[in-house]
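The next block holds one structure in the form of C-alpha cells; read it before the comments.
Just so you know, these numbers use all the heavy atoms, side chains as well, and skip hydrogens, waters and symmetry mates. Source: prediction; values computed, not measured.
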Amino acid sequence: MAYTVAIDQASRLPDLQRKEPLTYKQARAAPDAKDWLEACDLEMKKLRDLQCWEVKLKSTLPHNTHIMGSRWTFKFKINDTGQVTRHRSRFVAKGFTQIKDVTFFENCAQVASYVTIRTLFALTALPMFTVLQYDVSVAFIESILDDNAPPIYCECADGYEDKSKFCYLLRRHLYGMRDSHRGYAKLFESICQSFHLTQLKTDECVYVKIVNNQRDHQELDPNSHSTADLSQLHKMKPDVPIHNRIYSDCAYPISILIICSYVDDNLFFTNSTILAHEFETHCNTRLKMTSEGPVNWYLSVKYDRCQITGAVSANQELYINKILQRWGMSNCHALPTPFPAKADEIITALAEPILNPDPKIIKEFQELCGALLYVQVHTVPEISWALSILTKYMTKAGPIHLATAKKVLRYLQGRKSIPITWCAQACQEPHLPGHIYGYADASFADVKPERTSSMGYVFLINNAAVSWRSTRSPIVVLNACEAEVVSLSSACQEAVYLRKLCTELGFIQTQPTIMYEDCESAVALSKENRFRNRSKHISLRWAYVTERQRPHIADIRVVSVSRRIMLADIFASPRPAVSFLPFRNSILGYSSHSHTMSPKHDM
C-alpha cells in the first residue's frame with residue numbers, strides 16, 4: 001500500500017503544474033484535452049485491430065449475467081529529465097469486480113526482483129556488454145482468453161459505445177483484469193522457450209542464451225548454456241576474426257543474451273546486438289516489441305555506462321528531487337547521516353504511545369515511508385536501518401515520527417547525486433570479478449524499549465552492493481555472540497541464493513563465497529560443533545552455517561575481520577559520520593580509499 005501511494009505521488013510533475021485526469025470527463029475538460037482524446041483514439045484503434053472483444057446488446061444476455069466494470073486511466077509519459085514526452089491513455093477493466101472461479105482462476109505472476117536486476121547489471125559491468133531496453137505495446141492484451149473458459153463481459157468504454165445498451169464480450173485479456181499479467185507472462189515464457197532461451201529457476205522472469213560464436217568450434221550447444229562458464233569473461237580477448245564469427249558484431253568466442261522481464265519492460269544484456277535483434281524479430285511474430293535503445297531510465301532509476309571500462313552506475317536523483325519537492329524540502333539543509341549516532345533518546349521517544357493519533361499525519365507518514373522505501377530497495381542501501389526503525393510505526397505515527405522521517409529526506413538531499421557503481425575492473429584482491437562476497441553484523445539488544453537486536457547484511461559483486469537487508473532478530477537472543485550467529489545464518493541463506501542465481505546465469509563461483517564477520521566467537525562457532533553452556537541452545541541456528549562450510553559442500557567461508565572494516569555495521573546500528581561515510585562509499589563502489597576497506601586473508 002505504501003509503495004503504491006508513494007509511486008503515484010512521486011510520479012506527478014509539480015514542476016509543470018499539471019494534473020493527470022482521473023476520469024474520461026476530466027480528460028475532456030482538461031486544457032490538453034486534444035492530446036488526451038487522441039491518446040484514447042489510439043488506444044481504441046489498437047484494441048479493435050486486435051479484435052479484443054465483440055460488441056453485444058445487453059438485452060440479449062442471459063439473466064443475472066455478470067458484467068465487469070471498466071474505466072479510462074491517464075498518465076504522462078516522462079523522460080529521465082522529468083519532461084512530458086507524450087500522453088498515454090489506457091482502457092482498463094475493473095478487476096476488483098471479477099469473481100474468483102467464475103471470471104478468473106489463477107492470477108499469480110512474478111516480476112524480476114530488484115536483487116536480480118542489480119545482480120545482472122553488476123555481472124555485466126564489462127566493456128563487452130551493452131544493455132538494451134525493449135517495451136511491449138499493449139502487452140497484456142496479446143494473451144488470448146482460453147476458449148474453454150466461461151464468457152467474460154465488460155462495460156463499454158466511455159466516449160464510444162452506449163454503456164446503457166451495449167457491453168463487450170472479451171476475446172483477450174484487458175489491463176486491470178486479475179489474471180491478465182499471468183496470461184502475458186505465460187505467453188512471453190513460451191516465446192522465449194521457442195527461441196531456445198533457458199528460464200532460470202532462481203528467478204523465473206530471467207532467460208539466458210549462450211551460444212558459440214566461432215564457426216570452426218562446436219564447444220557450446222546452441223540450445224543450452226549449461227556448458228558455458230563466464231567466470232573468466234573479464235579475461236577473454238576480442239580476437240575472433242570476422243570471417244570466423246557467427247555474429248559479426250561480436251569479437252568474442254561466445255555470444256550472450258540475457259533477458260530480464262519486469263511486466264512489459266524488458267532488458268536485454270548482450271555482447272551481440274545482432275543476437276538481440278534476432279530475438280526481437282522472433283518476438284514480433286507474436287508481440288509488438290519496440291526498441292528504446294540502450295537503457296537509460298528503468299523503474300525510476302537512471303543508468304549510465306562507461307564505454308571504456310564497462311562500469312555501470314545507477315541513481316535516483318530525479319525521483320529523490322520529486323520526493324523533496326512533494327514535501328516542500330527542495331532547499332533544505334543536508335545531514336551527513338540518516339539517523340543520529342546517539343539514537344537512544346530518539347528511539348525511546350518514537351516508542352512512546354500516541355494518545356490521539358491524527359489520521360492526516362499517519363497518512364502523510366505512510367506516504368513518506370513508502371517513497372523512502374522505494375529509494376532504499378533500489379539504490380540507497382544505507383538508509384535501511386533508519387527505515388527499519390520508522391516503519392514499525394506505520395499505523396501509530398505522530399509528529400515526532402514524521403519529523404524523524406523528514407531527517408532521512410535531509411540526508412538524501414546531500415547524497416542524491418551519488419550512484420551505485422559496479423565495475424569488474426575495479427575489483428581488488430582477494431575479491432575476483434563476478435564473484436560474491438558479503439558482510440554480516442548484529443547489534444545486541446540495541447533497541448532498548450523492546451531489547452530486541454538489530455541485524456543486517458550486504459553482498460557485493462564487482463565492487464558494489466547488489467543485495468542488502470536490515471531487520472530485527474526473529475528470535476530473542478541472550479548474548480552478543482548469539483545475535484551475530486543469527487545474523488550470519490540469515491546472510492548465508494542469501495549467499496546460497498545469490499550463488500545459485502550467478503551459476504544459472506553462467507557466472508560460476510569458482511571459490512567459496514566469503515562471509516565477513518567481526519565477532520570471533522561467532523566465527524569459531526560457525527566452524528565446528530562447540531557445545532558450551534552459553535551456546536548449546538543456539539546449535540540449530542549455526543548448524544546451517546557449519547554445514548555450508550563442510551568439505552562436501554564448501555560454498556561458504558566465514559572469515560573474521562576487524563569492526564573498522566565491517567561494512568554491514570551501518571545495517572545493524574547507527575554510526576557517526578566519520579565511520580558511516582567510508583562504509584557507505586565502499587558499499588556504493590566509488591570510495592577513493594577503497595583499498596583501506598578491503599579485508600586481507602589467505603585464500
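The closest side-chain donor-acceptor pair between S384 and Q376 falls under 3.5 angstrom. A donor atom on one side chain and an acceptor atom on the other are not found under 3.5 Å apart for T119 and T116. S454 and R472 share a donor-acceptor pair across their side chains, judged by distance under 3.5 Å alone. For the residue pair H552 and E547, a side-chain donor N or O sits within less than 3.5 Å of a side-chain acceptor on the partner. For E504 and T202, the side-chain atoms include at least one donor-acceptor pair closer than 3.5 Å. There is a side-chain donor-acceptor pair under 3.5 Å between E382 and Y411.
Side-chain contact between D203 and S113 is present, with heavy atoms from C-beta onward closer than 4.5 Å. Residues K209 and F279 form no side-chain contact, since every pair of their non-hydrogen atoms from C-beta on lies 4.5 Å or further apart. Inter-residue side-chain proximity for D135 and D264 is flagged as met; some heavy-atom pair is nearer than 4.5 Å. Taking 4.5 Å as the limit, some side-chain heavy atom of V380 sits within range of a side-chain heavy atom of L412. The side-chain heavy atoms of T309 and C306, taken from C-beta on, include a pair separated by under 4.5 Å. Annotation: side chain of I556 is in contact with side chain of C492 (closest heavy-atom distance under 4.5 Å). Inter-residue side-chain proximity for T198 and Q193 is flagged as unmet; no heavy-atom pair is nearer than 4.5 Å. Residues I254 and L233 meet the side-chain proximity criterion, which asks for heavy atoms closer than 4.5 Å.
Remark: the backbone N or O of V558 is paired with a side-chain donor or acceptor of Q549 at under 3.5 angstrom. Remark: the backbone N or O of R245 is paired with a side-chain donor or acceptor of R215 at under 3.5 angstrom. In this structure a side-chain-to-backbone donor-acceptor pair under 3.5 Å is missing from S490 to S487. Looking only at distances, a side-chain donor or acceptor of Q509 sits under 3.5 Å from a matching main-chain atom of F507. Of the possible polar contacts, none joining the R305 side chain to the A311 backbone as a donor-acceptor pair under 3.5 Å is found. Remark: side-chain polar atoms of S272 are paired, donor with acceptor, to backbone N or O of L275 under 3.5 angstrom. With N462 contributing its side chain and A122 its backbone, the two residues share a donor-acceptor pair below 3.5 Å. Within the 3.5 Å criterion, the main-chain N or O of R575 finds no donor-acceptor partner in the side chain of S579. Side chain of E517 to main chain of C519: a donor-acceptor pair is present (N/O by atom type, distance under 3.5 Å, no hydrogens or angles). Without hydrogens or angle criteria, T281 side chain to H277 main chain gives a donor-acceptor distance under 3.5 Å.
Here the shortest heavy-atom pairing between T270 and A276 reads CG2-CB, 4.1 Å. Here the closest non-hydrogen pair linking L460 and S586 is CD2-O, 3.8 Å. The minimum heavy-atom distance between T510 and S231, with the atom names listed, is CG2-OG, 3.6 Å. The nearest pair of heavy atoms linking Q214 to N212 is O-ND2, 2.7 Å. When all heavy atoms of L588 and P381 are compared, the closest pair comes out as CD2-CD, 3.9 Å. The minimum heavy-atom distance linking I565 with F583 is given by the pair CA-CE2, 4.1 Å.
Rounding to the nearest 0.5 angstrom, the gap separating the SG atom in C260 from the CD atom in Q133 is 11.0 Å. Rounding to the nearest 0.5 angstrom, the gap separating the OH atom in Y252 from the CE atom in M128 is 4.0 Å. Taking CG of N271 as the start and OG1 of T130 as the end, the distance is 10.0 Å to the nearest 0.5 Å. Atom-to-atom distance recorded for M289:CE and S137:OG is 11.0 Å, nearest 0.5 angstrom. Distance NZ/K416 to CD1/I320: 8.0 Å, rounded to 0.5 Å. Within the model, atoms OG1 of T290 and CG of N284 stand 8.5 Å from one another, a figure rounded to the nearest 0.5 Å.
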side-chain contact (heavy atoms from CB on, under 4.5 Å) assessment of F121 paired with L267: CA-CA 10 Å; F121 275 107; L267 294 178; 3.9 Å; yes
Worked verdict on L287 versus L187 for side-chain contact (heavy atoms from CB on, under 4.5 Å): CA-CA 9 Å; L287 303 172; L187 173 63; 3.6 Å; yes
Worked check of side-chain contact (heavy atoms from CB on, under 4.5 Å) between I420 and W422: CA-CA 7 Å; I420 295 183; W422 302 281; 3.4 Å; yes
Side chain to side chain donor-acceptor pair (under 3.5 Å) assessment of T273 paired with D249: CA-CA 7 Å; T273 55; D249 65 329; 2.8 Å; yes
From CA spacing to verdict: side-chain contact (heavy atoms from CB on, under 4.5 Å), V312, C423: CA-CA 7 Å; V312 177; C423 182; over 6 Å; no
Steps toward side chain to side chain donor-acceptor pair (under 3.5 Å) verdict (Q316, T379): CA-CA 7 Å; Q316 290 177 279; T379 61; 2.7 Å; yes
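Tested against I259 for a side-chain contact (heavy atoms from CB on, under 4.5 Å), the candidates F269, F268, Y134 yield a single pass: F268. Between T513 and the options R499, H435, E494, a side chain to side chain donor-acceptor pair (under 3.5 Å) holds for only R499. Only one option out of I587, D569, V466 pairs with V458 in a side-chain contact (heavy atoms from CB on, under 4.5 Å); it is I587. The ring pair (Phe, Tyr, Trp, His ring centres under 6.0 Å) with W385 is formed by just one residue from the set F571, Y457, W468, F339; it is F339.
Aromatic pair Y439/F459: ring centres not closer than 6.0 Å.
The aromatic rings of H282 and F195 sit tilted, their planes meeting at an angle between 30° and 60°. By the 30° and 60° cut-offs, the orientation of the rings of Y516 relative to Y437 is perpendicular.
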